[in-house]
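Just so you know, ligand 1 is whichever comes first in the structure, and atom 1 is the first atom listed for that ligand.
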Amino acid sequence: MLMKTYRIISPLFSLAAALFFAGCVCYPELVEKETKAPKSERCGECHQFIYKEWMQSPHANSYTNAAFREETNEYQFTFCLGCHAPETIFTGSQIETRGINRAEGVNCKACHLDDCKMSGPTPAHGPHPIDEKNPFFRTSGLCGKCHIGIFQAWQESNRIEGQKTCQECHMHEVERKLIQDDPWQKIYPKRMCRQHLFIVETMIITTENLLTMSINEVVSSDNSIKGVLEIVNAGIPHSVPAGDYGYREAGVVIQLLDKTGAVLDSQETGLFVETKTALQYKEKRNIPFSFVQNKDAYSITARISRASFDKSVNVLLIESTYALQ
Ligand code: HEC
Ligand code: HEC
Ligand code: HEC
Ligand code: HEC
Ligand code: HEC
């Protein structure tokens, strides 16, 4: 019994002691800067879940994506590169471009390395140097360093009516360990932390009624089926779509369907930042529609999706159906 307890406690104790005596000097290479900075893969050896999520996120593609390469003329426009491959966001002036590992885009250390220490939201202790708790991580201002226009819209709506932070919607909260590697995962308990996907899932949009729509005033006559689609940005404290850069479209598709779901007629419009047709916070918009009458008409369905220019990305945000029969 004693032996068993000893076997469990002993490695933990020596590890804790090692940490204590080593102070901040463990893994000094993790907090190197500029050309000596580690790749994000290194962070992924311990922070495995966070690394996998970040890899799928738009931030990991922000330097290599086709639209960015094209619009910067294959990285010729150097003034564009800072936010897409930043050295660090902890700078008073303009964000500088990284010298190395640019393909990683907005990487771990761009958001977390502040002055030779890993900066984060809590006063955590780990095997690498960690700063005191940094409250900046729980504020929308962190995202606002690069998402300038969206942050301004958020500030405006936050002034009118207190809003959630960007993180509360875009970094889903979960209870889990921060590390998935031995021996550390044996020592550190689960805690509340946030996923690093940065995209709001469709399910949350629906359950929290952030974006709503309804099909109203439907009139079926001899030659047509007419009506009005009402869309409301009920709870997103920035426009839909949002952003200052790149192609920003939210496509609205309204379709007349038969009993099998086959499309009889269709009407499409786009909401764009560029043409100032984006749906602002709390804005309600009516989109009239008119279809040619069809004896097989069974239902009307409407969808809003976020789309890229070549339509390779087409993420459904919300959907609604109206039964005619
Ligand atoms: C050898 C394993 C290991 C590696 C490699 C590692 N970390 Fe950590 N890190 C930890 C542990 C352990 C903690 C503390 C966990 C806890 O308190 O639950 C931690 C804590 C943190 C925190 C503090 C979180 C807070 O609550 O404030 C940040 C930020 C962080 N790491 C970022 C990074 C980044 C960025 C990298 C890559 C440059 C990295 N880590 C590499 C093990 C590691
Ligand atoms: C260092 C600059 C920087 C910071 C800080 C930053 N982002 Fe980003 N973000 C970008 C860039 C650049 C892109 C474009 C990536 C792409 O689409 O290729 C992006 C893309 C996104 C997208 C996807 C947009 C799209 O078109 O699909 C979301 C959502 C997002 N960021 C949310 C956030 C949130 C939330 C925060 C704060 C927790 C944040 N970002 C902090 C630079 C940043
Ligand atoms: C766009 C900026 C951004 C990037 C890129 C980013 N993080 Fe974070 N990270 C944050 C923010 C903001 C928080 C604070 C979330 C909160 O309120 O708890 C955070 C929290 C953390 C934490 C503490 C746990 C938590 O959720 O509170 C760790 C550990 C961490 N990040 C590691 C990483 C690692 C490893 C990478 C790269 C794979 C990475 N981060 C990339 C912004 C970023
Ligand atoms: C109340 C929840 C909520 C808050 C708070 C919030 N967002 Fe969003 N955001 C959304 C939803 C929902 C979408 C639509 C989903 C999508 O386009 O993928 C979205 C979309 C986005 C997009 C993609 C825009 C597009 O149309 O392609 C970016 C970038 C973004 N948000 C950044 C931010 C930033 C930065 C903040 C803070 C200043 C923030 N958001 C605050 C819910 C929120
Ligand atoms: C202040 C920081 C910043 C600067 C400087 C910047 N960008 Fe971006 N870029 C972003 C952010 C943040 C996004 C994500 C969408 C948004 O919020 O506007 C983005 C998204 C993009 C996208 C969309 C990528 C996709 O996946 O569709 C393109 C293209 C782009 N930027 C091109 C450029 C070009 C060209 C320049 C130089 C004229 C530039 N950016 C300068 C922050 C920046």
Side-chain angles (χ1 to χ4, degrees), residues 40-44 46-55 57-68 80 82-89 95 104-112 118-122 124 126 130 134 136-155 157-158 163-171 173-174 176 178-179 191-202 204-205 208 210-211 233-250 271 273 278 281 304-308 313 315-318:
S40 297
E41 261 170 21
R42 280 283 284 130
C43 319
C46 295
H47 301 289
Q48 291 174 15
F49 290 171
I50 293 180
Y51 177 73
K52 281 196 195 116
E53 288 157 3
W54 167 79
M55 279 293 279
S57 85
H59 290 141
N61 295 322
S62 60
Y63 195 74
T64 49
N65 81 69
F68 184 66
C80 299
C83 298
H84 287 256
E87 173 65 29
T88 175
I89 57 168
I95 296 173
E104 290 187 344
V106 182
N107 66 3
C108 310
K109 64 167 276 288
C111 286
H112 284 290
M118 225 67 88
S119 194
T122 73
I130 298 180
N134 184 344
F136 187 52
F137 277 85
R138 297 256 156 98
T139 66
S140 295
L142 184 138
C143 315
K145 282 263 177 183
C146 304
H147 295 269
I148 296 169
I150 299 181
F151 178 56
Q152 280 166 353
W154 178 88
Q155 279 179 308
S157 58
N158 190 48
Q163 298 295 338
K164 287 184 177 173
T165 60
C166 317
Q167 290 86 329
E168 283 174 289
C169 287
H170 285 270
M171 297 179 77
E173 195 172 43
V174 283
R176 66 182 183 197
L178 280 196
I179 38 254
R191 49 173 264 189
M192 292 315 288
C193 50
R194 291 192 182 274
Q195 289 184 328
H196 278 59
L197 291 164
F198 301 101
I199 289 289
V200 181
E201 292 132 81
T202 303
I204 292 177
I205 300 179
E208 296 190 6
L210 296 179
L211 197 59
N233 176 352
I236 305 174
H238 55 66
S239 64
V240 178
D244 308 317
Y245 300 92
Y247 182 81
R248 325 255 26 125
E249 174 182 0
L271 311 176
V273 171
Y281 176 58
I304 304 182
S305 321
R306 187 160 54 79
S308 63
V313 179
V315 185
L316 179 70
L317 302 182
I318 175 168

J.: Measure the distance from atom 43 (C) of ligand 2 to every protein heavy atom, then report the residue, atom name and distance (to 0.1 Å) of the closest one.
T.: C146 CB, 3.5 Å
J.: Given I150, T165, I205, V273, which has its nearest heavy atom closest to atom 28 (C) of ligand 4?
T.: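 That would be I150.
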J.: Going by distance only, is there an N or O of Q167 that falls short of 3.5 Å from an N or O of ligand 2?
T.: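 By distance alone, the answer is no.
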J.: What distance do N107 atom CG and S62 atom OG have between them, rounded to the nearest 0.5 Å?
T.: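 Here the interatomic distance stands at 9.0 Å.
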J.: With heavy-atom distances below 4.5 Å as the criterion, would you say the side chains of K145 and F136 are in contact?
T.: yes
J.: Closer than 4.0 angstrom: is that true for some heavy atom of V200 and an atom of ligand 4?
T.: yes
J.: If the cut-off is 4.0 Å to any non-hydrogen atom of V106, which atoms of ligand 2 fall inside it?
T.: 1 (C), 42 (C)
J.: Measure the spacing between CD of Q163 and OH of Y281 and express it to the nearest 0.5 Å.
T.: 4.0 Å
J.: Contact between A110 and ligand 2, counting heavy atoms under 4.0 Å?
T.: no
J.: Going by the order shown, which atoms of ligand 2 are within less than 4.0 Å of some heavy atom of S62?
T.: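 Ligand 2 atoms under the 4.0 Å threshold to S62: 12 (C), 15 (C), 18 (O).
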J.: Looking only at heavy atoms of G243, does any of them come nearer than 4.0 Å to an atom of ligand 2?
T.: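 G243: no contact with ligand 2 (<4.0 Å).
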J.: Which of the atoms in ligand 2, numbered in the order shown and given with their element, are less than 4.0 Å from a heavy-atom of N65?
T.: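 The atoms of ligand 2 under 4.0 Å from a heavy atom of N65 are 16 (C), 18 (O).
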J.: Closer than 4.0 Å to some heavy atom of P121 - which atoms of ligand 3 meet that?
T.: 14 (C), 18 (O), 27 (O)
J.: Any side-chain heavy atom of S140 sitting closer than 4.5 Å to one from F151?
T.: yes
J.: For ligand 2, note which part of P58 has a heavy atom under 4.0 Å away: side chain, backbone, both or neither.
T.: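 Near ligand 2, P58 shows its backbone as well as its side chain.
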J.: Looking at W154 and K164, what are the two nearest heavy atoms and their distance?
T.: NE1-O, 2.8 Å
J.: Test E208 against I236 for side chain to side chain contact (heavy atoms under 4.5 Å, CB included), laying out the working first.
T.: CA-CA 10 Å; E208 296 190 6; I236 305 174; over 6 Å; no
J.: Is a salt bridge present between R176 and E53, judged by a nitrogen-to-oxygen distance below 4.0 Å?
T.: yes
J.: Quick one: which of H238, E168, Q155 has a heavy atom closest to atom 8 (Fe) of ligand 4?
T.: H238
J.: Find the distance between CE (M55) and CD (E104) and round it off to the nearest 0.5 Å.
T.: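 It comes to 8.5 Å.
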J.: So which heavy atom in the protein is nearest atom 15 (C) of ligand 4, and how far is it from that ligand atom?
T.: L317 CD2, 3.6 Å
J.: Can you find a heavy atom in the side chain of Q152 that is under 4.5 Å from one in the side chain of D244?
T.: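 Not in contact.
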J.: With atoms numbered from 1 as shown, which atoms in ligand 3 lie under 4.0 angstrom from a non-hydrogen atom of C43?
T.: 35 (C)
J.: Could you tell me if any non-hydrogen atom of M118 lies under 4.0 Å from any atom of ligand 3?
T.: no
J.: Check whether any N or O atom of R248, backbone or side chain, sits under 3.5 Å from an N or O atom of ligand 2, and answer yes or no.
T.: yes
J.: Tell me which part of M171 gets within contact of ligand 3: side chain, backbone, both or neither, using heavy atoms under 4.0 Å.
T.: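 Looking at M171 and ligand 3, just side chain atoms fall under 4.0 Å.
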J.: Nearest 0.5 angstrom please: I318 CD1 to T202 OG1, how far?
T.: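 With rounding to 0.5 Å, CD1 (I318) is 9.5 Å from OG1 (T202).
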J.: Considering only heavy atoms of I89, which atoms of ligand 2 have at least one such atom less than 4.0 Å away?
T.: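 Counting from 1, the qualifying ligand atoms are 1 (C), 5 (C).
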J.: Which option out of F198, Y63, Y247 puts a heavy atom nearest to atom 29 (C) of ligand 2?
T.: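 Going through F198, Y63, Y247 one by one, F198 has the nearest heavy atom to atom 29 (C) of ligand 2.
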J.: Using a 4.0 Å heavy-atom cut-off, say whether Q163 meets ligand 4 through its side chain, its backbone, both or neither.
T.: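 Contact part for Q163 vs ligand 4: neither.
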J.: Between atom CZ of R306 and atom CG of L271, what is the distance when rounded to the nearest 0.5 Å?
T.: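 R306 CZ to L271 CG: 13.0 Å, rounded to 0.5 Å.
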J.: Mind reading off the angle at atom 8 (Fe) of ligand 2 between the NE2 atom of H59 and the NE2 atom of H147, rounded to 10°?
T.: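 Value returned, to the nearest 10°, is 180°.
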J.: Please confirm whether T202 approaches ligand 4 to less than 4.0 Å, judged on its heavy atoms.
T.: no
J.: What is the number of protein N/O/S atoms located under 2.8 Å from atom 8 (Fe) of ligand 3?
T.: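 Near atom 8 (Fe) of ligand 3, the number of protein N, O or S atoms below 2.8 Å is 2.
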J.: Run the contact test for N107 against ligand 3 with a 4.0 Å cut-off on heavy atoms, strictly below, and give the result.
T.: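 Checking ligand 3 against N107, which is what was asked, there is a heavy-atom contact under 4.0 Å.
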J.: Name the orientation class of the two ring planes belonging to Y245 and H84 (parallel below 30°, tilted from 30 to 60°, perpendicular beyond 60°).
T.: perpendicular
J.: How close does the nearest protein non-hydrogen atom get to atom 34 (C) of ligand 2, and which residue and atom is it?
T.: C143 SG, 3.5 Å
J.: Taking 4.0 angstrom as the limit and counting only heavy atoms of P241, give me the atoms of ligand 4 inside it, by number and element.
T.: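 Counting from 1, the qualifying ligand atoms are 26 (O).
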J.: Evaluate the criterion side chain to side chain contact (heavy atoms under 4.5 Å, CB included) for residue pair F198 and M171; output intermediate values, then yes/no.
T.: CA-CA 5 Å; F198 301 101; M171 297 179 77; 3.8 Å; yes
J.: Return the residue, atom name and 0.1 Å-rounded distance of the protein heavy atom closest to atom 11 (C) of ligand 4.
T.: I236 CD1, 3.7 Å
J.: Taking the six-membered ring for Trp, are the ring centroids of H196 and F49 within less than 6.0 Å of each other?
T.: no
J.: Which ligand 2 atoms does H84 reach within 4.0 Å, using its non-hydrogen atoms?
T.: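 Those qualifying, in numeric order: 12 (C).
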J.: Nearest heavy atom to atom 23 (C) of ligand 3 wins, so pick from E53, H170, H47, R191.
T.: R191
J.: Set out, in order, the CA-CA distance, both residues' side-chain angles and the distance that settles side chain to side chain contact (heavy atoms under 4.5 Å, CB included) for F137 and R194, then state yes or no.
T.: CA-CA 11 Å; F137 277 85; R194 291 192 182 274; over 6 Å; no
J.: Determine, using heavy atoms of P237 and all atoms of ligand 4, whether some pair is separated by less than 4.0 Å.
T.: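 A heavy atom of P237 does come that close to ligand 4.
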J.: Contact between A242 and ligand 4, counting heavy atoms under 4.0 Å?
T.: yes
J.: At less than 4.0 angstrom from any non-hydrogen atom of L178, what atoms of ligand 3 do you find?
T.: 24 (C), 29 (C)
J.: Relative to ligand 4, is C166 under 4.0 angstrom through side chain, backbone, both or neither, heavy atoms considered?
T.: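 For C166, backbone and side-chain atoms both sit under 4.0 Å from ligand 4.
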J.: Checking L316 against S305 for the side chain to side chain contact (heavy atoms under 4.5 Å, CB included) test, could you report, in this order, the C-alpha distance in whole Å, the side-chain angles of both residues, the deciding distance, and whether it holds?
T.: CA-CA 4 Å; L316 179 70; S305 321; 4.1 Å; yes
J.: Among all protein non-hydrogen atoms, which one is nearest to atom 3 (C) of ligand 4, and what is the separation to 0.1 Å?
T.: C169 SG, 2.7 Å
J.: Using a 4.0 Å cut-off to any heavy atom of P86, which atoms of ligand 2 qualify?
T.: 1 (C)
J.: Check P86 against V106 and note the closest heavy-atom contact, atom names and distance.
T.: CD-CA, 4.0 Å
J.: Heavy-atom contact check, 4.0 Å cutoff: does G235 meet ligand 4?
T.: yes
J.: Specify the protein heavy atom at minimum distance from atom 25 (C) of ligand 3: its residue, its atom name, and the distance to 0.1 Å.
T.: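 Looking only at protein heavy atoms, the one closest to atom 25 (C) of ligand 3 is C193 CB, 3.4 Å.
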J.: Does any part of the side chain of I204, heavy atoms only, come nearer than 4.5 Å to the side chain of C169, both counted from C-beta?
T.: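 Side chain of C169 against side chain of I204, heavy atoms only: no contact under 4.5 Å found.
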J.: Which of these, E249, R306, E201, has its nearest heavy atom closest to atom 16 (C) of ligand 4?
T.: R306
J.: Between NZ of K52 and CG of L197, what distance do you get to the nearest 0.5 Å?
T.: 12.5 Å
